[in-house]
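Read through the structure below, which is laid out as structure tokens, and then see the notes.
Just so it is clear: chains get the letters A, B, ... in the order the sequence lines come, proteins before strands, and each one is counted from 1.
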Protein chains: 2
Amino acid sequence: MPEKPIQMNPHPSEKTIARLSLYRRCLRELAQGGSHHTYSHELAKLAGVTAAQVRRDLMVVGYDGSPRRGYEVKGLYQSIGQFLDGAIEQKAVLIGVGNLGRAILAYFHGKTPNLEIVAAFDNDPQKIDRVVMSCRCFSMTCIEEIIARERVQTAIITVPADEAQRVTDVVIQAGVQGILNFAPVRLQVPAGVFVEQMDMAVALQKVAYFSRQRQ
Amino acid sequence: MPEKPIQMNPHPSEKTIARLSLYRRCLRELAQGGSHHTYSHELAKLAGVTAAQVRRDLMVVGYDGSPRRGYEVKGLYQSIGQFLDGAIEQKAVLIGVGNLGRAILAYFHGKTPNLEIVAAFDNDPQKIDRVVMSCRCFSMTCIEEIIARERVQTAIITVPADEAQRVTDVVIQAGVQGILNFAPVRLQVPAGVFVEQMDMAVALQKVAYFSRQRQ
DNA sequence: TTAACAATGTTATTTATTTCACAAATAATA
DNA sequence: TATTATTTGTGAAATAAATAACATTGTTAA
């Protein structure tokens, strides 16, 4: 193989980051299935992409496979983990403990040790100061205080559309750098804050359109 | 303006379809706010894209705006609707009435008249034959029968990861052409079936990564 | 009536992303 | 030990997507 230059891609794309996260999940499954090593084409098949895509994505991680042997499953898993998670543990909060909020709390509980949801917020007195899906639920009046105290960097927004911008302003004021937004609104945020839109309505329309196209 | 050729883009991209759906939502809000006409740059600002992007996307719809006046809000809204929805009403089903399933049922109820969720399915006897979030819930043993009878084209999958592939095989067997999948698995589907993956874990990892990068 | 303006529709250009292709490398085999 | 087969890592090519540019045109106003 050609000599590797000591220089790393400065800005991996969003798509690459998303796929790396996917590869990590596939590697976890491979490890649980007892595999010790794997190949780009195997990983590609599991992730639903091409082998070339896998190899190119892995360039940013800086983990070297072996020709003929491929990648060591555990080693690559940990390398991707280091790359995606960074050194210090990250914290997230969730705002809006409706059905969607509860689903997300349940889904993530214990799954991602390097990115824990440390608190949930709602206005409903029935929920405040209770533990919902293993997560402590607080009044929305405490958002700023807890985000600042716990050094939370990420917020998951699962409130109705008409509350989303207000909540966004509060969490950013408190120091949040990234938002996962499920409300069907484009959030206005200052430069430097990352927003990922999970738009279920748009996604469903897309499926409906293309399923009609293919009949 | 140059003469318009009577030829339409045969295959609008997934991204264009997604944005058209977004524009439609923005137009609805404009209409509710009392606007009668709008411009590509206004729509662009609302949708969080560029004006050139808006105009390019609108080419596939075949709705002509007027120089100087821009687009008629109601007319463009309906044109996009016709384009996305098609002539005949589409039906969807939802499989897995957990927290996530309920959230989606609640969210879509009555919102999209051209794409109705006509039935939900679960194995829990507590839910079977009840109405959950205004949607009738059936046993999973009835999936094939109801999809075939109602000519359902789209399925929303909100079951746990280890059931997703089994459910997928059933709904495709019954005639479904498109799937919106919330389970964290790459579904194996035959060619011609469209799958849209809503991967909450990947999305959260992405936000965590980029929020860390920007601090 | 005509001139100036501002917005459209579309082509051309640029940028981003994916795929291809292949030298270099290494394990397995003879 | 030499040979073969197969996979990696990455530059080059191809494809896809976004942006810029602009001729055209309806509207407004002098």
Side-chain angles (χ1 to χ4, degrees), chain A residues 1-20 22-23 27 30 35-73 75-76 79-80 83 206 210, chain B residues 1-20 22-23 27 30 35-73 75-76 79-80 83 206 210:
Chain A
M1 253 163 285
E3 196 60 36
K4 165 168 282 185
I6 324 273
Q7 182 224 343
M8 214 165 272
N9 189 335
H11 290 306
S13 72
E14 286 191 37
K15 294 191 168 190
T16 293
I17 297 300
R19 282 190 300 259
L20 285 173
L22 192 58
Y23 302 155
L27 287 163
L30 281 171
S35 298
H36 287 161
H37 64 271
T38 187
Y39 304 107
S40 59
H41 59 79
E42 188 179 30
L43 210 43
K45 190 157 192 191
L46 290 172
V49 300
T50 66
Q53 182 83 80
V54 169
R55 294 202 300 275
R56 182 154 285 284
D57 287 334
L58 290 184
M59 283 176 71
V60 306
V61 175
Y63 179 87
D64 273 17
S66 145
R68 209 57 207 268
R69 272 269 184 90
Y71 306 97
E72 207 259 307
V73 171
L76 182 53
S79 273
I80 294 178
F83 179 81
K206 224 173 106 176
F210 285 107
Chain B
M1 253 164 285
E3 196 59 38
K4 166 169 283 188
I6 324 276
Q7 182 222 344
M8 213 165 274
N9 188 335
H11 290 307
S13 72
E14 286 191 37
K15 295 194 168 191
T16 292
I17 297 301
R19 282 190 301 260
L20 285 173
L22 194 58
Y23 302 155
L27 287 163
L30 281 170
S35 297
H36 287 160
H37 64 271
T38 188
Y39 304 108
S40 60
H41 59 80
E42 188 179 30
L43 209 44
K45 190 155 192 193
L46 290 171
V49 300
T50 66
Q53 182 82 81
V54 169
R55 294 202 300 275
R56 177 159 273 291
D57 287 333
L58 290 184
M59 284 176 69
V60 306
V61 175
Y63 179 86
D64 272 17
S66 146
R68 209 61 205 268
R69 270 270 185 89
Y71 305 97
E72 207 260 308
V73 170
L76 182 54
S79 272
I80 294 178
F83 179 81
K206 223 173 107 175
F210 285 106

Contact class for A:T16 (heavy atom, under 4.0 Å): base, sugar-phosphate, or nothing?
nothing
Does the side chain of A:T50 get closer than 4.0 angstrom to OP1 or OP2 of C:dT19 through an N or O atom?
yes
Minimum heavy-atom separation for B:S40 and B:Y71, please, with both atom names.
N-CE1, 3.7 Å
Taking every non-hydrogen atom, the tightest pair across B:A18 and A:K206:
CB-CD, 3.9 Å
With heavy-atom distances below 4.5 Å as the criterion, would you say the side chains of B:T38 and B:L46 are in contact?
no
Measuring from B:R69:CZ to B:H36:NE2, what's the distance to the nearest 0.5 Å?
11.5 Å
Ignoring the backbone of B:Q53, work out which of C:dA27, D:dA18, C:dC20 is nearest its side chain.
D:dA18
Please pick, from C:dT8, D:dT27, D:dA17, the nucleotide with the shortest atom-to-atom distance to any side-chain atom of B:Y71.
C:dT8
Without decimals, in angstroms, what is the distance between B:L58 CG and D:dT19 P?
15 Å
Under 3.5 Å, is there any donor-acceptor pair linking the side chain of A:R55 to the base of D:dT7?
no
Rounded to the nearest angstrom, tell me the gap between atom NE2 in B:H37 and atom P in D:dT27.
11 Å
Salt bridge (Lys or Arg N to Asp or Glu O under 4.0 Å) contacts in which one or both residues fall within residues 53-62 of chain B, not counting sequence neighbours:
B:R19-B:D57
In the structure I gave you, are the side-chain heavy atoms of B:V60 and B:F83 within less than 4.5 Å of one another anywhere?
yes
What nitrogen or oxygen pairs link the protein and nucleotides 28-30 of chain C at under 3.5 Å?
none

Selection from D:dT8, D:dG9, C:dA7 that lies nearest to any side-chain heavy atom of A:D64
D:dG9
Base C:dT18 paired with A:R56 side chain (donor-acceptor, <3.5 Å)
no
Using a cut-off of less than 4.0 Å, is there contact between a side-chain N or O of A:S66 and OP1 or OP2 of C:dT26?
no
